[in-house]
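Working notes, beginning with the structure itself.
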Amino acid sequence: MKKQQLHNNFNVVGKPAIRQDGYSKVTGKAKYADDYRFDGELYGVMIRTKASHALIKKIDYSELNENRFIKAIITADDIPGSKKVGPIKQDQPIFCADKIVTPGDVVAMLVGEDVKELRKLTELVKIDLEELPVLDDPQKALENDSILIHPDFKTNLITHYPLRKGNVEKGFKQCDEIIEQTYTTQLIEHAYIEPECVTAIPGEGNLKVKIIGSIQNPFTTRKVVASVLGYGLNEVEIIQAELGGSFGGKDDTMNILSARAAIAALKLNRPVKIKYEREESIIESYKRHPYILKYKVGFNKDGKLKAMKIDLLADGGAYSSMSSFVTWRSVVQATGPYEIKNVHTDVRVVYTNNPYTGAMRGFGSPQPIFAIESLMDEIAVKVSKTPFEIRKLNGFKQGSLTASGQKLTGHEVTLHKVLKKAVEVSSFDSKWNDYKKASGKKEGAKQSYINDSLILNKNDFINPDQFWRKGIGLALSYRGCSLGAEGIDAAASYVSIQPDGTVYLLSGLAENGQGMKTTFSIIAAEIFGISPDKIVYLEQNTSRIPDSGPTVASRATLMGGGATKNACEELKKRLIKLLVTIWKLKSGKDLVFVNNEIILRSKKSKRIEFGELIKQAYQQGINLATVGWYAGPKVHWEEETGHGSAYFTYVYGCQVAEVTVNIGTGEVYVNNIWAVHDAGKVINILGAEGQVYGGLTQGAGYALWEKISTHNGKIRENNFDQFLIPTSKDIDAIHPYFIEGKEKYGAWGGKSLGEPTLELTAAAIANAICIATGQRFYNLPINIEEMLLRRKLYPESLTRGSTS
Amino acid sequence: MIPVLEIFQPKSVDEICRLLKSNNGDTRIIAGGTDIIPGFHIDSPRFAGIKRLLDLQLVDELKTVSINHQIISIGAAITFSDIITNPVLNSYLPLLVKSSKTIGSTQIRNRATLGGNFINNAPCADSVAPLLVYDAEIKIKSFTSEKIMKLQDFLVKPYATRLNPDEIVTKIMVPVPSTDFVGDFYKLGRRRAVSISRISLAMLMMNEDKIIKEMRIASGAVTPIGTRLYDVEEFAKGKVCNEEAFKEIAIKLGERILAVSGLRWSSEYKIPVVQQVCYQLIKGIERRSL
């Protein structure tokens, strides 16, 4: 594969840099949450019920009385502070006291020294339940007679976001063609390789408790733990262990586990660890929202979009979690990156008894992108245009108005650049034409050979030359960077130069495996003109650095990068001021920090080593430590109309997938994916490519394999033998390309990449499958049964042959 | 949970037989462990009550491949990685090698063994269908006896075989197949690696003057256990090699598998697809026979 070279005037930025934590991770030296051991530590084991929805009448622990393995049974009664938590609505109990609303619910925790024994003992707890009807269909959640999951709220509606632009009914009347279509996307698990693990350690002095764990957002965890314990924020310290994957998944669940461990640790005055097995992790942790997406689109004969009516329904499951934020991104981006005068969007998210859903990489975008990018290809067919032409005609340009009425200015709108590049590097148009011709079928015409009888007719057999079909498809998106009008958006970074010229660095954001430590070190190294290996990135600890919000929304590089740059530039200013004095210069504008020294550009012989300058600065008593701060500009949103400048800047991406489909078996082989992204300035090309490889592989899993299904509210796929994620063998060639659009925010305009890489892939693969087979698929994942039968098949029972 | 175990590492088959002599079921042989260890972790009742494991790692005589008087003898504890690189197996038993390549991942193939695959007797055991079309027999030893049995007869039902607690399977014996056979193996999984078979088919065909002289077919995953489909083979025998006949054979196979397996949750997908796959396999083999 040809590697892209980025040409720029930087010394370190944009060059390939090996991640700082890479060596320790691949050699097994890195310390993950379960690698920490503490003297006298105890373990917590959860007690769950067998119900999906029930009132708790009585819990009888009498058989555990005087049991030598049990140090404590922790329940809701042990909670000194908030008994329920949640980022927006406080609807999720730490321990359930009166009601079960989903099978993952926990009523109590047994604490002791022997996990094996504790697990056996959970069977002895007698829970008297009054079962309630199970609501597992989000489409029934808003019916008048529907049972309420949380009766206090008087409705199962978590949030409704309307967006109104122009007059959609008038728009439909004025256009030539209308398509109406319904799409569905599935519930999926993050599938981080490291299941949840956390230890709470009783504090010393005024510090009440210290928590170390597999935590994505240490400051959120601190907030939850402090509120549950009734402590001040400064009495709780959260340390992040090396994180074995998160993808948005180590937030709510980890906050609650941290709180449970902390309650027990303080009650028993001993460290308490909670460590989940995979099955437990899948049963209790939140997932990605399944959506039902109804689209009605009106357009002219030439393909110009006129009006779009969108009705999205998301299943929030039993708790609200991040639902209101996730679905807000959907309402902003539901039309895709296209200019449409008349838009009428409603996004609703509802409670059910299903596993609860929250943040997952993509965060409300993969679902509408699958729908809108499928729809754009359908429109193209109607007006006899190529997928490229239809997007070129309607795509956002500089100054376009989004659905919420935001004018796209202040950054370079590179939508057409990424589209053009993707089409060029993949030879899209010629392949699209060839494969379409070869598949030989009109769109939507050919059905699968499978009919009601299981035994084939002779004319059902496919000629071996026709067995394999090739297809190519593309998908295009724009994505708001960072939190947008969801919340306060600011981050801190601490930089401290040591007397020998080495540097400490720490930001308030967290390393979740995305390579952030390396990214920030590159930024600091670039500014100081030193090598990134002179920088030690410190341990993530909430007591050491200002709260910088959560590490979510692909915001770390943008916000933390900005903060790191600010901090380093502040220190550099102090150094320049000193050097101007020493060298008796008029100004510092000719001073260049490069290759570990500072050079006077006008007089090359005038130079000083970085370390030497630092030594002199220390001798002069100059402060070489500072906290940099970076705050995003103001954005706003009107809840009633869905108007506003949702995000302060956007990124653009286009992916092309080339597949081979076996039309006899429904197998899909992903041969090539070309990913063209404008993430702004690329800080570490190796890290950026890594994001592309990982993100689109995850996106391919969403397209073809991954699905969590439930049976009477219980999860079937509770381990990786049934929840299938792609292996490295499942995607053949991945071709990343970067377009560096002009941007004033962040570090030299470095924006977002993590989520954009994931959100497009399923849509591109679905469009490729359509070209290969002549059939359009509306329901993810497009697994082998969906391909041939247009539905999923499930075993009747949850038990597996191998265990009975 | 892995129970508290005594683990023995015998160095010979004789020693194993001695250790198994009065086994009442609490002693189990462990070869690669790729079924037993995950089974312990999910508290599978199939592995409940085990107190002693006999590890085959050090028994070299169970890992060899030899060829003698037109019989290929394969040690039962040979790993799939070793099968894949073995020159004898590559020249004589290509379907076995092909199926071995589809099993699990590199790490699993490095540990999992041929004997373990059919002794565990999961419906989806990938190496079983090829062994069946090759007419494999197995040698079973105990402290007091030694017997030889056809593999098909050894396999009883899912996760059950005729192996007694005091016995060990030492060898798989396969007659060198006639060079007139052309064959193929197909595995349908949901993904490219670490994939449990949804359907597997192994097929050998011998044609003479455009007439099917002999056909051997065995299925996996789509039947309750790996199964030789003798009815279909009989049906195919003597048919003229043409589209019509191939389709009839595939249909017959579908009917036979449906009769053997009954209607299951997966039948709607598997039964039509296995016929399609069967037809594709025959066509592919025919092309290579020309």
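What you are looking at is a predicted structure, and each value in this text was computed from that prediction instead of being measured. Proteins get letters first, then strands, A, B, ... in listed order; numbering begins at 1 in each.
Of the atoms belonging to Ile462(A), heavy atoms from both backbone and side chain fall under 4.5 Å from chain B. For chain B, the nearby part of Glu667(A) is the side chain; its heavy atoms alone come within less than 4.5 Å. Only the side chain of Asn783(A) comes within contact range of chain B, with at least one heavy atom under 4.5 Å from a heavy atom of that chain. For a residue to count as touching a neighbouring chain, one of its non-hydrogen atoms must lie under 4.5 Å from one of that chain's; by this rule Phe467(A) touches chain B with the side chain only. Both the backbone and the side chain of Pro272(B) come within contact range of chain A, judged by heavy atoms closer than 4.5 Å. For Ile2(B), the part lying near chain A is the backbone, with the side chain staying farther off; criterion is any non-hydrogen pair under 4.5 Å. Interface residue Arg791(A): only side-chain heavy atoms are found under 4.5 Å from chain B. Contact annotation for Glu243(B): neither backbone nor side-chain heavy atoms come within less than 4.5 Å of a heavy atom of chain A. Ile199(B) does not touch chain A: none of its heavy atoms, backbone or side chain, sits under 4.5 Å away. Of the two parts of Leu793(A), the backbone and the side chain both hold a non-hydrogen atom closer than 4.5 Å to a non-hydrogen atom of chain B. With a 4.5 angstrom heavy-atom cutoff, Asp460(A) touches chain B only via backbone atoms. Both the backbone and the side chain of Tyr669(A) come within contact range of chain B, each with at least one heavy atom under 4.5 Å from a heavy atom of that chain.
No option in Leu201(B), Ile285(B), Leu204(B) other than Ile285(B) meets the side chain to side chain contact (heavy atoms under 4.5 Å, CB included) test with Asp184(B). Checked options Glu196(A), Glu194(A), His190(A); the residue passing with Tyr192(A) is Glu196(A) (criterion: side chain to side chain donor-acceptor pair (under 3.5 Å)). When each of Thr660(A), Leu704(A), Asp730(A), Ile734(A) is checked for a side chain to side chain contact (heavy atoms under 4.5 Å, CB included) with Val670(A), only Leu704(A) meets the rule.
With salt bridges taken as basic N to acidic carboxylate O contacts below 4.0 Å, one links Lys120(A) and Glu117(A). A salt bridge is defined here as a Lys NZ or Arg NE, NH1 or NH2 lying under 4.0 Å from an Asp or Glu carboxylate O, and Asp465(A) with Arg287(B) meets this definition.
When Gln280(B), Glu248(B), Lys283(B) are compared by the number of non-hydrogen pairs under 4.5 Å with chain A, Gln280(B) comes out ahead. Top candidate by heavy-atom pairs under 4.5 Å with chain B, chosen from Val668(A), Leu456(A), Asn457(A), Thr727(A), is Leu456(A). With chain A as the partner, the residue from Glu268(B), Met1(B), Glu255(B) showing the most heavy-atom pairs under 4.5 Å is Glu268(B). Ranked by heavy-atom pairs shorter than 4.5 Å toward chain A, the options His41(B), Arg190(B), Arg192(B) are led by Arg192(B). The candidate with the highest count of non-hydrogen atom pairs below 4.5 Å against chain B, out of Arg119(A), Glu785(A), Glu796(A), is Glu785(A).
Residues Asn671(A) and Lys470(A) form a side-chain contact, since some pair of their non-hydrogen atoms from C-beta on lies under 4.5 Å apart. The shortest distance between side-chain heavy atoms of Tyr794(A) and His711(A) does not fall below 4.5 Å. Arg469(A) places none of its side-chain heavy atoms less than 4.5 Å from the side chain of Thr773(A).
To the nearest 0.5 Å, atoms CD (Glu189(A)) and CZ (Arg288(A)) are separated by 11.0 Å.
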Starting from the C-alpha separation in whole Å, work towards a yes-or-no answer on side-chain contact (heavy atoms from CB on, under 4.5 Å) for Thr665(A) and Arg198(B). CA-CA 11 Å; Thr665(A) 62; Arg198(B) 304 296 300 147; over 6 Å; no
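Geometric assessment of Arg278(A) against the ring of Phe723(A) yields a negative cation-pi assignment under the 6.0 Å and 45° thresholds. Within the cation-pi definition used here (under 6.0 Å to the ring centroid, within 45° of the axis), Lys239(B) qualifies as a partner of Phe235(B).
Residues of residues 111-123 of chain B placed with any heavy atom under 4.5 Å of a heavy atom in chain A are absent; none qualify.
More than 12 heavy atoms of other residues, nucleotides or ligands sit less than 6.0 Å from atom NZ of Lys116(A). For NZ of Lys729(A), the number of neighbouring non-hydrogen atoms (other residues, nucleotides, ligands) closer than 6.0 Å is 12 at most.
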